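Take a look at the structure set out below.
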Amino acid sequence: TLLDSSTSIGQAIPKVKQAVDSLNLPPNIRVAYGGTYLAQQQSFHDLLLVLFTGLVLVFLVLIFEFRTFAAPISILASAVLSTSGVFFALLITGTDFNISSFMGLIMVVGIVSKNGILLLDADVKFRQAGLSPRDAMIQAGRRRLRPIMMTAVAAVAGMFPLALALGAGSEMLQPLAIAVIGGILISMVLSLIITPAVNYYISGRRIQ
């Protein structure tokens, strides 16, 4: 047999395609993959659309809030880079990237964007108070360090039981929890480094 009960769809399809290719079927025979695999592919397509739409809406809201392109670009740069933590966590735990983990990735983007807003809002207030752009950036990081850390710790603590697959039915949400934990852990660093640094250089180091 090619597959066993523990094989996921992501692991099964490459094996199935390899087996079909080895059959050397005639050109007039067309092979179509349906069922759960087709539904999963459609779900991935829909989630990609949701992710793209969410990024666009966040970008527009940030432009209206900060009235500059520097803030949206810096926040989204940190959010997108934080997704690397999602894939790293899935890799080291041997978890497939599926619909559940994709939803976790979208959640990470939202959480990181919120942290970026807190950080840059403080940066703007310190600049308006008369601090230099560099000092405002440093003070904003110090002021928002605790809220960002508290958000991350609370999210990781809430997702940890799911990541361990404790309880009935938790296996379905385990990839989501692992994705969120990985993304949030790396976002703690990126939100305090990438977001203010990108905003500092894109804004021309001017007082806002």
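Bear in mind that the values here come from a model prediction, so they are computed numbers and not experimental data. Atoms considered below: every heavy atom in the structure, side chains included; atoms not considered: hydrogens, waters and symmetry mates.
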Residues that Phe102 engages under ring-ring contact (aromatic ring centres under 6.0 Å, His included), provided they are two or more places apart: Phe44, Phe97
Pro175 to Leu90 - nearest heavy-atom pair and separation: O-CD2, 4.1 Å
Taking every non-hydrogen atom, the tightest pair across Ala157 and Pro161: O-CD, 3.3 Å
Close side-chain approach of Leu176 to Met107, heavy-atom, < 4.5 Å: yes
Joint hydrophobic cluster, Val56 plus Val109, side-chain heavy atoms closer than 4.5 Å: no
In one Ile/Leu/Val/Met/Phe/Trp/Tyr side-chain cluster, 4.5 Å: Ile186, Met149: yes
Spatial distance of atom CD1 (Ile111) from atom CD1 (Ile184) [nearest 0.5 Å]: 3.5 Å
Residues that Leu91 engages under side-chain contact (heavy atoms from CB on, under 4.5 Å), provided they are two or more places apart: none
Nearest non-hydrogen partners of Leu162 and Ala177, listed with the distance: CB-CB, 3.6 Å
Partner set under side-chain contact (heavy atoms from CB on, under 4.5 Å) for Thr93, not counting sequence neighbours: Thr95, Ile178
Beyond-backbone contact of Val124 with Phe66, side-chain heavy atoms, under 4.5 angstrom: yes
Gln174 side chain to Ala163 backbone, donor-acceptor under 3.5 Å: yes
Val153 reachable from Ile148 in the ILVMFWY side-chain graph, under 4.5 Å edges: no
Same apolar cluster (I L V M F W Y, side chains within < 4.5 Å links), Met159/Val156: yes
Hydrophobic cluster identity match, Val108 and Leu118, side-chain contacts under 4.5 Å: no
Exercise: identify the closest heavy-atom pair between Leu119 and Ala140: CD1-O, 3.4 Å
Euclidean distance, Ile117 CD1 relative to Leu62 CG, rounded to 0.5 Å: 5.0 Å
Heavy-atom donor-acceptor pair, Thr83 side chain to Val80 backbone, under 3.5 Å: yes
Pairwise distance CG(Leu190) to CD1(Ile193) - rounded to 0.5 angstrom: 7.0 Å
Closest contact, heavy atoms only, Leu81 versus Ile194: CD1-CG2, 4.0 Å
Spacing of CG belonging to Leu60 relative to CG belonging to Leu55, to within rounding of 0.5 Å: 11.0 Å
Rounded distance (nearest 0.5 Å) linking atom CG of Asp96 with atom OG of Ser101: 8.0 Å
Pair listing, side chain to side chain donor-acceptor pair (under 3.5 Å) test, anchored in residues 137-163, at least two apart: Lys114-Thr151
Donor-acceptor contact present, side-chain Asn115 to main-chain Ser191, <3.5 Å: no
Sequence-distant partners of Phe69, ring-ring contact (aromatic ring centres under 6.0 Å, His included), two or more places apart: none
Residues 70-79 side chain polar contacts: donor-acceptor under 3.5 Å, at least two apart:
unit_1	atom_1	unit_2	atom_2	d
Ser74	OG	Ala70	O	3.0
Ser74	OG	Ala71	O	2.8
Ser78	OG	Thr195	OG1	3.4

Atom pair CD1 (Ile92) and CZ (Phe87), whose distance is rounded to the nearest 0.5 Å: 14.0 Å
Closest non-hydrogen atom pair, Ala197 against Met137: N-SD, 4.1 Å
Check: Ser100 main-chain N/O paired with Asn98 side-chain donor or acceptor under 3.5 Å: yes
